[in-house]
S.K.: 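For reference, the structure I am asking about is given below.
First the proteins, then the strands, lettered A, B, ... as listed; each starts at 1.
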2 protein chains.
Amino acid sequence: MTRLAGSSKLLRAMNASAALAHLLDAGGLTRADLRRLTELSTPTISEVLRRLTEAGLVTVVGYHSGRPGPNAEIYAANPDAAYAAAVSVRDIGTSGAPSVVAALADLTGTERARIERRVDFLHTDPKTALIDVVAELRETAGVAAEGIHHVQLGVAGSYDPRAETIRHVDVPGFARPGLVPEIAAALATRIGVDNDVNLAAVAERRRGVATDVDGFALLWLGQEGLGLAIDIGGTLLRGARGGAGEIGYMPLYAPDSTHRKVDLQDLVGGAAVLALGRDHGVPGRTPLEVVTAAATEPDRAGEFFPQLADRIAVGLAAVIAVLDPSLVVLAGPVAQAGGETLLAAVTTAVRRAAPLESTIAVTTIDDDAVLLGALDAGLTAVREALIASIRDNQA
Amino acid sequence: MTRLAGSSKLLRAMNASAALAHLLDAGGLTRADLRRLTELSTPTISEVLRRLTEAGLVTVVGYHSGRPGPNAEIYAANPDAAYAAAVSVRDIGTSGAPSVVAALADLTGTERARIERRVDFLHTDPKTALIDVVAELRETAGVAAEGIHHVQLGVAGSYDPRAETIRHVDVPGFARPGLVPEIAAALATRIGVDNDVNLAAVAERRRGVATDVDGFALLWLGQEGLGLAIDIGGTLLRGARGGAGEIGYMPLYAPDSTHRKVDLQDLVGGAAVLALGRDHGVPGRTPLEVVTAAATEPDRAGEFFPQLADRIAVGLAAVIAVLDPSLVVLAGPVAQAGGETLLAAVTTAVRRAAPLESTIAVTTIDDDAVLLGALDAGLTAVREALIASIRDNQA
DNA sequence: TAATTGTTAGCCAGATTGCCAATCACGTCG
DNA sequence: CGACGTGATTGGCAATCTGGCTAACAATTA
């Protein structure tokens, strides 16, 4: 139900933003391409491009030769018109992985800087740490402060956008109310916060196995916990308080109460994987090591993968029954270490347990999925803000 | 990302459709009201209304007196511009309820006809039965065949819109591929098919307890089966093959394999309710009778409701963990019979089991929720089609 | 030569502002 | 108590302005 109404000014703004949207999507387009895409006339396209070029949002990036007539100019969105920054924060935990990974991308999506830091948030204020990281990103890439239009934060927790507060975080200091607005004020940018698993799903949709799917669920098997992201037609399901996908806490039904109350975290969380490894004589001190060891020598791991798969299938069966996704993606360090062996085991286990058939796949993203997803999310935020600002301001 | 581009014709169409959208939503508006809502100038509003009136979509329904100046004309969408029909089909089963309930509503949403029929689909072709019902609706309301723009069908099953086929239906004859297109061709209307529980959720959103909620889950406790509808911001989640919410088939985790594989249907389905009633000495031959008896004399039912609630909570805990809805609505005959007693029991059971807190409520719709939801769904389809046709045809 | 690119000129559709007549409520005066 | 003036409001008309379109044209390259 479009309720947009207005005068010719609205029209001009709409046409400009439509053209910009196409340029952002396609990358490089000639006037003739835009004419076909927007169904506008040549003079109008010229006028729109003239205005967008004047505003610094669009530039000529090349010429299309080899055909009769003058070489057509190829227009593209100006990479330096706006930047998006992404910061992925995680608890250091037992692994030696850096606790802050950050990257900066220009409007076209090319990564211009990336840094990794170990930050001890017990002794460092998140606010100053994040501001410093973003400043360092800017220096590395040589970008002015005003250039960054959006900073996307990824944390292992949920974000309540109404209260502007991060909840269910383990990293010290991040749960403080008022933190996010303060950072936004200090950086003078819009700031977005999202769950790390959600952001991994964004990356999966843009560059992974879920590019052409109308909806999918991503099960994240991490070193400690597990998480679920739900993508419905490209938008993520967050739930009332950002708690959608917290299946780690999903209680499992016990027919008689002699069993103590167990949830899915007890079944497939890091500790459970470790214990399962011990039971089957698979070596390794961390869940990742255990799964890697089992995957490299599947014959010696015995029933390790089938049993792990059976447990994963318990959670996936519930997810599939509720959501009926066309694709289920296994991601996270444990899933990636398990690889094809784990995938095969989970596929058979789910086929046995779940009422509906869903394709199951392992992520194809080798890089830091959370960071890439944060970058993608920040980028789309920047693009949408640009398009909206054209529609509103140029009135 | 709006990519709409065009010339002044698009503008006119947009303004007309915006005005119509407001008129459909608000009911009766003066020119001044529309001026405020659309932010268009007086001459433009006049022109738009003139065109809409000429097209027969809008009429003057009254005059606004009691204020200085001439009595302002009150415009409203013409009720007779289009009609929507709704047909709810269910298996007769053990109850004596009619198997086909149908209604007809005009564009403003007032019900103009309703009929109920018992149809034996073992000996009657669904196609002819449905065509007859719609014809009867038309006669009762005195509406021409072309007046009906949309027929909404509600069935206990799922609809695959790509294959245009109904799946997982118990009612004989409805699973036949090609049935829906044939009915659409015979009636010469658009036809929509949806799951009955989904439609009940539509009604709940429009006239029930879920009017102001950003998303909710509706658990349907029927005479036989159970179902789940998921509303996210007003749109229903259907899943890849229309199988979202089929939690009846959700398998339950058994810690050891000595228990046979049980799913949620075994736990809270009609048969389970009957058995539970027997165990607690609650009289009744159908699940509805059992629950009604228990609700009228809660003291004599003992642990019936707490135990039933515990079982319901098993399913709801999974739903809440996956979706984090801000509201969970209990609906369907069994839930309505259980009333406040059941609600209280379920609330405490869920609070104990589920990781997140969700408000739980019982439906407030006394009428046939599925039928009303189908009517609402058909009506919005008609309205959107009207608005879209203005935007496209008046070019 | 033919096809293609991009510009300029004139035209047209549609929305806006400003102006005006008509209408009604309300207070005041005869 | 009734008639009348005042002010607010409605709705129409004319003039203006913005913006996109068609058509013609110059320029360029296979």
Side-chain angles (χ1 to χ4, degrees), chain A residues 3-20 28-55 58-75 390-395, chain B residues 3-20 28-55 58-75 390-395:
Chain A
R3 289 217 189 132
L4 213 54
S7 63
S8 1
K9 289 178 184 176
L10 173 68
L11 210 52
R12 162 154 295 188
M14 279 173 57
N15 290 344
S17 78
L20 181 61
L29 295 171
T30 66
R31 283 174 154 93
D33 294 333
L34 278 170
R35 216 174 98 76
R36 247 181 300 106
L37 289 167
T38 60
E39 298 191 314
L40 293 170
S41 69
T42 333
T44 308
I45 291 291
S46 293
E47 172 71 9
V48 164
L49 285 177
R50 198 183 56 75
R51 284 177 160 249
L52 286 175
T53 313
E54 265 177 21
V58 155
T59 44
V60 178
V61 293
Y63 295 91
H64 195 74
S65 64
R67 309 210 305 152
N71 289 342
E73 291 171 326
I74 298 175
Y75 287 84
I390 287 180
R391 229 190 31 214
D392 301 342
N393 289 351
Q394 218 161 60
Chain B
R3 292 223 187 123
L4 213 54
S7 61
S8 15
K9 288 177 184 177
L10 173 67
L11 205 56
R12 161 155 296 190
M14 279 173 56
N15 289 343
S17 78
L20 181 60
L29 295 171
T30 66
R31 282 173 155 93
D33 294 332
L34 278 171
R35 219 175 95 77
R36 247 180 301 105
L37 289 168
T38 60
E39 300 192 312
L40 292 171
S41 67
T42 331
T44 308
I45 292 291
S46 294
E47 173 70 8
V48 164
L49 285 176
R50 198 184 56 75
R51 286 180 158 248
L52 286 175
T53 313
E54 266 178 20
V58 155
T59 43
V60 177
V61 293
Y63 296 89
H64 196 74
S65 64
R67 309 208 307 150
N71 289 343
E73 291 171 325
I74 299 174
Y75 287 85
I390 286 180
R391 230 192 27 213
D392 301 340
N393 289 351
Q394 219 162 55

S.K.: Quickly work out the A/L11 CG to C/dT16 P distance and round it to whole Å.
M.R.: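 In whole Å, C/dT16 P lies 12 Å from A/L11 CG.
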
S.K.: C/dG14 P sits how many Å from A/L4 CG, rounded?
M.R.: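 The distance from CG of A/L4 to P of C/dG14 comes to 18 Å, rounded to the nearest Å.
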
S.K.: Side chain of B/P68 only, please: which of C/dC24, C/dT17, D/dT29 is the nearest?
M.R.: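 For the B/P68 side chain, the nearest candidate turns out to be C/dC24.
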
S.K.: For a quick test of reading the model: is some side-chain N or O of B/R12 closer than 4.0 Å to OP1 or OP2 of C/dG14?
M.R.: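 Yes.
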
S.K.: From C/dT5, D/dT18, D/dC13, pick the nucleotide closest to the side chain of A/S8?
M.R.: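 Shortest atom-to-atom distance from the side chain points to D/dT18.
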
S.K.: For a quick test of reading the model: is some side-chain N or O of A/T44 closer than 4.0 Å to OP1 or OP2 of D/dC21?
M.R.: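 Yes, within the criterion.
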
S.K.: On the nucleotide C/dT23, are OP1 or OP2 found under 4.0 Å from the side-chain N or O atoms that B/N71 carries?
M.R.: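 No, because none of the side-chain N or O atoms of B/N71 sits under 4.0 Å from OP1 or OP2 of C/dT23.
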
S.K.: For B/H64 and D/dA8, what is the distance between atoms NE2 and P respectively, to the nearest whole Å?
M.R.: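 Going from B/H64 (NE2) to D/dA8 (P), I get 17 Å.
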
S.K.: Looking at the side chain of B/L40, which of D/dA8, C/dT16, D/dG19 is the nearest nucleotide?
M.R.: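 So the side chain of B/L40 is nearest to C/dT16.
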
S.K.: What is the distance from CG of B/L49 to P of D/dG11, rounded to the nearest Å?
M.R.: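 B/L49 atom CG is separated from D/dG11 atom P by 9 Å.
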
S.K.: Given C/dT16, is OP1 or OP2 found less than 4.0 Å from the side-chain N or O atoms of B/S41?
M.R.: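 Yes, within the criterion.
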
S.K.: When the nearest nucleotide of DNA chain C is assigned to A/S7 and to A/A72 on a heavy-atom basis, which residue is associated with the more 5' position?
M.R.: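 Closest to the 5' end, via its nearest nucleotide, is A/A72.
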
S.K.: Indicate the atoms forming the closest heavy-atom contact of B/L4 with A/N15, along with that distance.
M.R.: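 Heavy atoms only, the tightest pair is O-OD1, 4.3 Å.
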
S.K.: What's the CE-P distance between B/M14 and D/dG19, to the nearest Å?
M.R.: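 Roughly 15 Å, once rounded to whole Å.
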
S.K.: Can you see if the side chain of A/R31 gets near the phosphate of C/dT5 - specifically, an N or O under 4.0 Å from OP1 or OP2?
M.R.: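 No, A/R31 has no side-chain N/O under 4.0 Å of OP1/OP2 on C/dT5.
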
S.K.: Is the phosphate of D/dG11 approached by B/S46 (side-chain N or O, under 4.0 Å from OP1 or OP2)?
M.R.: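 Indeed not, no polar side-chain atom of B/S46 lies that close.
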
S.K.: OP1 or OP2 of D/dG20 versus the side-chain N and O atoms of A/N15: is any pair under 4.0 Å?
M.R.: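 Yes, such a contact exists.
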
S.K.: Return the value, rounded to whole Å, for the distance between atom CD1 of A/I74 and atom P of C/dT5.
M.R.: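 Taking atom P of C/dT5 as the reference, CD1 of A/I74 is at 12 Å.
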
S.K.: Does any part of the side chain of A/L10, heavy atoms only, come nearer than 4.5 Å to the side chain of B/M14, both counted from C-beta?
M.R.: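 With C-beta onward as the side chain, the pair touches.
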
S.K.: Can you find a side-chain donor-acceptor pair between A/R31 and A/S46 that sits under 3.5 Å?
M.R.: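 There is such a pair between these side chains.
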
S.K.: What integer distance in Å separates A/R51:CZ from D/dT18:C1'?
M.R.: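 Interatomic distance, CZ of A/R51 to C1' of D/dT18: 10 Å.
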
S.K.: Whole-Å distance between C/dA22 P and B/Y63 OH?
M.R.: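 Whole-Å distance recorded here is 18 Å.
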
S.K.: Mapping A/R35 and A/R67 to their closest nucleotides on DNA chain D, which lands nearer the 5' end?
M.R.: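 Per heavy-atom nearest nucleotide, the more 5' residue is A/R35.
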
S.K.: Between A/R51 and A/E54, is there a side-chain N and carboxylate O pair less than 4.0 Å apart?
M.R.: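 So A/R51 does not pair with A/E54 through a salt bridge.
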
S.K.: Would you please test B/Y75 and B/D33 for side-chain contact (heavy atoms from CB on, under 4.5 Å) and show each step?
M.R.: CA-CA 10 Å; B/Y75 287 85; B/D33 294 332; over 6 Å; no

S.K.: Is B/R50 close to B/E47 at the side-chain level, that is, under 4.5 Å between some pair of heavy atoms?
M.R.: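 With C-beta onward as the side chain, the pair touches.
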
S.K.: Name the closest nucleotide to the A/T42 side chain, picking from C/dT7, C/dT4, D/dG11.
M.R.: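 Selected nucleotide (nearest to the side chain): C/dT7.
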
S.K.: Contact class for A/E73 (heavy atom, under 4.0 Å): base, sugar-phosphate, or nothing?
M.R.: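 Sugar-phosphate only.
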
